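Reading through the structure tokens given below for one structure.
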Amino acid sequence: IYTLITTRVTIKICSELLSFQAKLNALVEEKTDTLTKLNRKLQKTAENKSRFLANMSHEIRTPLGGILGISELALHEGTTQEQQIAYLNTIHESGAQLMTLVNDVLDFSKIESGKLVVESKPFEVRKFVNESITLFRSQVMEKGLGLEIEISCRVPDVVVGDEHRIRQVLFNLLGNAIKFTAKGRIRIFLDAEPHQEACMLRFSIEDTGIGMSAQDATRIFQSFTQAEASTTRRFGGTGLGLAICKGLVESMGGDISVKSEVGHGSCFTFTVSAREGFMIQNMAEAKSLAPFHFKVLLAEDNPINIQVTKSFLQILGCTVDVVLNGKEAVAAVHQQKYDICFMDCQMPVMDGFNATRAIKSEVKECPFIVALTANALQGDRDKCLAAGMDEYISKPINKRNLAVMLQKYHQMQQNLKT
């Protein structure tokens, strides 16, 4: 009896051990499979990032080569005035291309960290679309493409939303449509649908270009991805554009998708949430760039930035004094009255933040202080305003941004008088 009981117990223990071992083996296989898939995913991400860095290096070197090479030609002895003007136009275009690349990387960083800020301001929809399209008409004509634009009667005249971000997405998709279309036409359709208390704007950009496979269409909105590596070599690009578009659209309460067929073109559709609004005064355009007779103090230590900003301000009608650090700015404001002070944030001796605090606390009639900074990440504007600065412009500075700021100050003064 003892032997029988011992045998049965032994068999039961062995059975349980075998069952446990089978479960353990299954668990190990499951975890191994999961780790294998994760490792493949990480390898794929690393490959995509490596490809992105290679593409980015190429994309950056292209406009840099244009800036450095063409500027050398412009400085060459014997260059005619007409040639110099043409060279300067090329340098300007290359600089704008380089700035676009930098902005793409910054936007991607904001989206990845969840720190993208979406603004809500009224803008005229049809005017917005027509102005956006106008910038691409020359490219369309050069390629001999047709361009069709249709705006539904359901679209409100004015909506409240982030005009800048919507334009950024539209520019990217329209630029891609032109780049990947050799013949045929491009069609842009805008519609609107009621959506809770707002409306959903629906943009469709359709082309007759090279198209893409269903597999490529499922992954084209991923970070660091293009339809295929050969596309990058043939057409250029960093592989960030559509990933940024996806992030921007989702931040505005919409989505983005594509229908495509190889050799038969593509149709990208994106939606954004907006609400119907009305225009109070389109102050921000400052199209006339009329003379502003303001006395301006420019606090900046970089010689090139001084030359550019001072020249733009003088073209816009301002009288400009220049100081090289925050301490000199504080002293200058004590000595005479200025309408506006454009204040660089990072300067020797005393930076712009401490200079602003000193001016705000010591000067009774202090000027309207506008921060000039190369920092363009989320939180930089808040830091400037917390120091007491009244407004903020990120570098590089251009004439239009300065004109908008001068117009804003002018409007504030007019409102105070009334």
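Note that this is a predicted model, so its numbers are computed, not measured.
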Could you pull out every donor-acceptor pair under 3.5 Å between side chains of residues 240-266 and any protein atom, sequence neighbours left out?
{"residue": "K246", "atom": "NZ", "partner": "E250", "partner atom": "OE2", "Å": "2.7"}
{"residue": "S251", "atom": "OG", "partner": "G247", "partner atom": "O", "Å": "2.8"}
{"residue": "D255", "atom": "OD1", "partner": "T271", "partner atom": "OG1", "Å": "3.3"}
{"residue": "S260", "atom": "OG", "partner": "M212", "partner atom": "N", "Å": "2.9"}
{"residue": "S260", "atom": "OG", "partner": "G265", "partner atom": "O", "Å": "3.1"}
{"residue": "S260", "atom": "OG", "partner": "S266", "partner atom": "OG", "Å": "2.7"}

Does any part of the side chain of F342, heavy atoms only, come nearer than 4.5 Å to the side chain of M405, both counted from C-beta?
yes
Take atom CD1 of I304 as the centre, draw a 6.0 Å sphere, and report whether it contains more than 12 heavy atoms from other residues, nucleotides or ligands.
no
Any idea which heavy atoms bring L313 and V320 closest together, and the distance?
CB-CG2, 3.7 Å
Residues R167 and D162 bridged, charged N to O under 4.0 Å
no
Taking C-beta and beyond as the side chain, do Q314 and K310 meet within less than 4.5 Å on heavy atoms?
yes
Identify the heavy atoms of M389 and M343 that sit nearest to each other, and give their distance.
CE-CG, 4.1 Å
Note: L402 and F312 closest approach over all heavy atoms is CD1-CB, 3.5 Å
Candidate pair D344 and K395, rule side-chain contact (heavy atoms from CB on, under 4.5 Å), full reasoning
CA-CA 10 Å; D344 184 29; K395 296 176 181 177; 3.1 Å; yes
Check: D390 side chain, I369 main-chain N or O, donor-acceptor pair, under 3.5 Å:
yes
Smallest separation among heavy atoms of A403 and F292, with atom names
O-CZ, 4.0 Å
Tell me yes or no: between the side chains of Q411 and N415, is some donor less than 3.5 Å from an acceptor?
yes
Pairwise side-chain contact, I397 with N305, heavy-atom cut-off 4.5 Å (strictly under)
no
E119 and H164: CA distance, side-chain angles, deciding distance, side-chain contact (heavy atoms from CB on, under 4.5 Å) verdict:
CA-CA 9 Å; E119 296 184 348; H164 170 67; over 6 Å; no
Report the distance from atom CG of L324 to atom CD1 of I306, rounding to the nearest 0.5 Å.
5.0 Å
Which heavy atom of P367 sits nearest a heavy atom of K360, and at what distance?
O-NZ, 4.5 Å
For a 4.5 angstrom cut-off between non-hydrogen side-chain atoms, does V330 reach M350?
yes
Identify the heavy atoms of S71 and L68 that sit nearest to each other, and give their distance.
OG-O, 2.9 Å
Do E276 and C199 have side chains that approach each other closer than 4.5 Å (heavy atoms only, starting at C-beta)?
no
If you measure from CD1 on I393 to SG on C384, what distance do you get to the nearest 0.5 Å?
11.0 Å
To the nearest 0.5 Å, how far apart are CG in L174 and CD1 in I205?
7.0 Å
The reported gap from OG1 in T32 to CG in L27 (rounded to nearest 0.5 angstrom) is 9.0 Å
Would the Y338 and F294 ring centres measure less than 6.0 Å apart?
no
Determine the interplanar angle of the F203 and F128 rings, folded into 0 to 90°, and report it as parallel if under 30°, tilted if 30 to 60°, perpendicular if over 60°.
perpendicular
Begin with the C-alpha distance, continue with both residues' side-chain angles, and end with the deciding distance and a verdict on side-chain contact (heavy atoms from CB on, under 4.5 Å) for F171 and V169.
CA-CA 5 Å; F171 274 17; V169 177; over 6 Å; no
Full working for side-chain contact (heavy atoms from CB on, under 4.5 Å) between D301 and N325:
CA-CA 6 Å; D301 65 309; N325 58 64; over 6 Å; no
Yes or no on side-chain hydrogen bond (donor to acceptor under 3.5 Å, both in side chains) for D216 and S213, after CA distance, side-chain angles and deciding distance?
CA-CA 5 Å; D216 287 334; S213 66; 3.2 Å; yes
Separation between CD1 (I70) and CG (L75), nearest 0.5 Å, reads 11.5 Å
Inspect the surroundings of NZ in K121 and state if more than 12 heavy atoms from other residues, nucleotides or ligands are less than 6.0 Å away.
no
Q83 and T80, any side-chain heavy atoms less than 4.5 Å apart:
yes
What distance separates L190 CG from R202 CZ, expressed to the nearest 0.5 Å?
10.5 Å
Is the count of non-hydrogen atoms from other residues, nucleotides or ligands lying under 6.0 Å from E193 atom CD greater than 12?
yes
Could you list the donor-acceptor pairs under 3.5 angstrom formed by side chains in residues 140-160, with sequence neighbours left out?
{"residue": "K143", "atom": "NZ", "partner": "I178", "partner atom": "O", "Å": "2.7"}
{"residue": "K143", "atom": "NZ", "partner": "T181", "partner atom": "O", "Å": "2.7"}
{"residue": "E150", "atom": "OE1", "partner": "R187", "partner atom": "NH2", "Å": "2.8"}
{"residue": "S152", "atom": "OG", "partner": "R154", "partner atom": "N", "Å": "3.1"}
{"residue": "S152", "atom": "OG", "partner": "D191", "partner atom": "OD1", "Å": "3.1"}
{"residue": "R154", "atom": "NE", "partner": "D191", "partner atom": "OD1", "Å": "3.2"}
{"residue": "R154", "atom": "NE", "partner": "A192", "partner atom": "O", "Å": "3.4"}
{"residue": "R154", "atom": "NH2", "partner": "D191", "partner atom": "OD1", "Å": "3.2"}
{"residue": "R154", "atom": "NH2", "partner": "D191", "partner atom": "OD2", "Å": "2.5"}
{"residue": "D157", "atom": "OD1", "partner": "R126", "partner atom": "NH1", "Å": "3.3"}

Does some side-chain heavy atom of T79 sit less than 4.5 Å from a side-chain heavy atom of L73?
no
Test: D107 and R165 ion pair at under 4.0 Å
yes
Residues passing the ring pair (Phe, Tyr, Trp, His ring centres under 6.0 Å) test with Y87, sequence neighbours excluded, are none
State, yes or no, whether a side-chain contact exists between T208 and I186 at a heavy-atom distance under 4.5 Å.
no
